[in-house]
Structure formats: structure tokens, C-alpha cells
Amino acid sequence: MRDSIFKAVAMPPRLFWAPFLPALANLGLQFPMMFVVMGLWQVNPILFAVPIIVCHFTLVAYGMKEPHLSAMMAAYGPMAGGSKNMNTCKGTKLAP
């Protein structure tokens with residue numbers, strides 16, 4: 001029982017060796033751009049394989065350095081707005 005919990009925490013999900021959420025975001029951004037450019041200017045879709053592969057290898061490199069990149073990306077959402085000071089003062093303070 002404990003092995004499965006440790007394994008899930010220690011080895012986050014991956015998509016072709018890259019962290020799952022950044023790889024999904026990469027494909028989610030580049031595929032629509034590919035289809036729009038193909039529709040507007042009749043560009044060969046093979047040309048888009050190069051930037052997709054380069055970005056994916058970059059994500060693989062970042063994923064080797066920081067394996068929990070997906071968790072960091074998911075945690076950034078609620079914190080993206082920053083924090084508000086409880087008292088008017090200089091700097092960011094979370095406590096009064």
C-alpha cells in the first residue's frame with residue numbers, strides 16, 4: 001500500500017518523457033497554430049514537426065532537472081494573482 005503512494009509522488013506522470021501538463025500545453029498550443037497556418041497559407045505540416053520536437057525536447061530537459069514541473073504548473077494557477085497585504089505597508093506581507 002505504501003509503495004503505490006510513494007511511487008505516485010516520486011514519479012509524476014509523463015508524456016513521452018516530458019512532464020504531462022507542460023507537454024499537453026505544448027501540443028495544445030502548437031496544433032491549433034499549425035492548423036490555422038495550414039488553412040491560411042497552405043504550408044506543409046511537416047514544417048511544424050521541427051518546432052514541436054524542439055519544444056518537446058526542451059520540456060524533457062526541464063523535466064529531468066525538475067521532475068515535478070506539472071505540479072508546479074498546476075499550483076501556479078491559484079497563486080497567479082499574487083497576494084494582498086492585510087495592512088497598508090511597503091512590500092508584501094501575508095500576516096498582520
Side-chain angles (χ1 to χ4, degrees):
M1 180 80 174
R2 291 181 64 163
D3 283 341
S4 61
I5 294 172
F6 289 149
K7 187 174 182 180
V9 171
M11 297 175 58
R14 301 200 171 264
L15 182 66
F16 299 116
W17 304 285
F20 185 74
L21 283 179
L24 199 63
N26 177 33
L27 294 176
L29 288 173
Q30 290 200 13
F31 277 170
M33 287 192 302
M34 176 180 71
F35 291 127
V36 167
V37 170
M38 281 172 40
L40 291 176
W41 295 295
Q42 285 82 30
V43 176
N44 190 352
I46 298 294
L47 296 176
F48 287 94
V50 174
I52 290 172
I53 291 172
V54 168
C55 289
H56 192 77
F57 280 139
T58 304
L59 287 173
V60 169
Y62 279 130
M64 291 173 108
K65 185 177 178 183
E66 180 58 57
H68 294 284
L69 201 56
S70 293
M72 291 169 50
M73 187 174 168
Y76 179 73
M79 301 297 179
S83 61
K84 295 181 180 171
N85 291 344
M86 296 175 80
N87 297 328
T88 56
C89 61
K90 200 174 198 178
T92 301
K93 296 186 179 179
L94 300 175

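All residue numbers in this chain count up from 1 along the given sequence. All figures in this text were calculated on a predicted structure; none of them were measured in a lab.
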Which pair of non-hydrogen atoms, one from [X] and one from [Y], has the smallest distance, and what is that distance?
X     : Y     : result
Ala18 : Ala23 : CB-CB, 4.0 Å
Pro51 : Gln30 : C-OE1, 3.7 Å
Ile52 : Phe31 : CD1-CE2, 3.6 Å

Are [X] and [Y] joined in one hydrophobic group, where the rule is that I, L, V, M, F, W and Y side chains link up if heavy atoms are under 4.5 Å apart?
X     : Y     : value
Phe48 : Val36 : yes
Phe35 : Val50 : no
Met33 : Trp41 : no
Met73 : Val60 : yes
Leu24 : Met72 : no

Any side-chain heavy atom of Ser70 within less than 4.5 Å of one from Pro22? yes
State, with a plain yes or no, whether a side-chain heavy atom of Met38 is found less than 4.5 Å away from one of Met34. yes
Using a cut-off of 6.0 Å, state whether more than 12 heavy atoms not belonging to Phe20 lie near its atom CZ. no
Measuring from atom [atom1] of [X] to atom [atom2] of [Y], what distance do you get when rounded to the nearest 0.5 angstrom?
X     : Y     : atom1 : atom2 : result
Trp17 : Phe57 : CH2   : CZ    : 8.0 Å
Leu21 : Arg14 : CG    : CZ    : 12.0 Å
Asn26 : Thr58 : CG    : OG1   : 9.0 Å

CA sep, side-chain torsions, deciding dist, call: Leu27, Leu15, side-chain contact (heavy atoms from CB on, under 4.5 Å): CA-CA 11 Å; Leu27 294 176; Leu15 182 66; 4.3 Å; yes
